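Only this structure's heavy atoms are used, side chains among them; waters, hydrogens and symmetry mates stay out. The structure presented is a predicted model; accordingly, all values stated were derived computationally and were not measured. Nothing fancy with the numbering, it's 1 onward along the sequence.
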Amino acid sequence: MANKVRFAFTEVDPSLGALSALPYLPLTLTYQSQSLNVSGLLDTGSSVNVLPYEMGLALGAVWENQRLSLPLGGNLARFEAGALVVKATVEQFPAVDLAFAWTQDKYAPLILGQMNFFLAFDVCFYRYDLAFEISQK
């Protein structure tokens, strides 16, 4: 991968140490004129990007303005979700448009999934080293 950036996994539960380490990516989301620094879970098993309700509000999105409803699966299936496209900036890479399923679940994590995070970035996981590298396609 050319022009790659390496990140360390994040320990979610210090009492479990490396067992709780997950690949969280720091990034900046921008919608209209609002920006938010966040960390998103890289989830190769997720078919879509998922944006938690409160993050959408913090970016200035208005739930009542959502026109496209999206079905979610798994633990999020019971919650309504709408489509929201935001700019995402990771490190020195140029900003990209990411399409999110903006869920009404207030406790959902920010998930970076196949559609379309993994279409915009290549990711290589080094679980043994508790690290991952990304590069922009």
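With hydrogens and angles ignored, the 3.5 Å screen pairs no side-chain donor or acceptor of Lys87 with any backbone N or O of Leu98. Of the possible polar contacts, one joining the Ser20 side chain to the Asp13 backbone as a donor-acceptor pair under 3.5 Å is found. Here the side chain of Asp43 pairs no donor or acceptor atom with the backbone of Ile111 at under 3.5 angstrom. The main-chain N or O of Asp97 is found under 3.5 Å from a side-chain atom of Asn116 such that the two form a donor-acceptor pair. Looking only at distances, no side-chain donor or acceptor of Gln66 sits under 3.5 Å from a matching main-chain atom of Ala81. Judged by distance alone, the side chain of Trp102 and the main-chain N or O of Val50 form no donor-acceptor pair under 3.5 Å.
Interatomic distance, Gln114 CD to Ser46 OG, rounded to the nearest 0.5 Å: 8.0 Å. One distance of note links CZ of Phe118 with OG of Ser47; it measures 12.0 Å at 0.5 Å rounding. With rounding to the nearest 0.5 Å, the separation of CG in Asp105 from CD in Glu54 is 10.5 Å. Within the model, atoms SG of Cys124 and CD of Glu133 stand 6.5 Å from one another, a figure rounded to the nearest 0.5 Å.
Between Val90 and Leu25, the closest side-chain pair of non-hydrogen atoms falls below 4.5 Å. In this structure the side chain of Leu51 never reaches within 4.5 angstrom of the side chain of Thr103, judged on heavy atoms. In this structure, Phe125 and Leu42 have side chains that are in contact, with non-hydrogen atoms separated by less than 4.5 Å. Taking 4.5 Å as the limit, some side-chain heavy atom of Leu110 sits within range of a side-chain heavy atom of Met55. In this structure, the side chains of Gln136 and Val96 come closer than 4.5 Å at one or more pairs of heavy atoms. Side-chain atoms of Val5 and Phe132, non-hydrogen and from C-beta on, never get closer than 4.5 Å to each other. Residues Trp63 and Gln104 meet the side-chain proximity criterion, which asks for heavy atoms closer than 4.5 Å. Asp122 is not listed as a side-chain neighbour of Ile134, based on a closest heavy-atom distance of 4.5 Å or more.
Both the sub-6.0 Å distance and the 45° axial angle are satisfied by Arg6 relative to the ring of Tyr126.
Within a 6.0 Å sphere centred on CG of Asn75, heavy atoms belonging to other residues, nucleotides or ligands number 12 at most.
At a threshold of 4.5 Å between side-chain heavy atoms, the hydrophobic network of Ile, Leu, Val, Met, Phe, Trp and Tyr places Leu112 and Leu119 in two separate groups. Neither Leu36 nor Leu41 shares a network with the other; the hydrophobic side chains, linked directly or stepwise wherever heavy atoms of I, L, V, M, F, W or Y lie under 4.5 Å apart, form separate groups for each. Clustering ILVMFWY residues whenever any of their side-chain heavy atoms sit less than 4.5 angstrom apart, transitively, puts Phe117 in a cluster other than the one holding Val48. At a threshold of 4.5 Å between side-chain heavy atoms, the hydrophobic network of Ile, Leu, Val, Met, Phe, Trp and Tyr places Phe121 and Tyr24 in two separate groups. Phe79 and Leu70 end up in different hydrophobic clusters when Ile, Leu, Val, Met, Phe, Trp and Tyr side chains are linked at under 4.5 Å.
Of all heavy-atom pairs between Asn49 and Ala99, the closest is ND2-O, 3.0 Å. When all heavy atoms of Tyr31 and Leu84 are compared, the pair lying nearest together is CE1-CD1, 3.5 Å. Closest approach of Thr30 and Ser35 over heavy atoms only: OG1-OG, 2.9 Å.
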Side chain to side chain contact (heavy atoms under 4.5 Å, CB included) for Thr89 and Phe93? Distances and angles first, verdict last. CA-CA 7 Å; Thr89 306; Phe93 301 115; over 6 Å; no
Going through the distances and angles, do Asp129 and Phe9 end up as a side chain to side chain contact (heavy atoms under 4.5 Å, CB included)? CA-CA 9 Å; Asp129 295 328; Phe9 277 40; over 6 Å; no
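Residues Ser135 and Asn3 bring no donor and acceptor atom of their side chains to less than 3.5 Å of each other.
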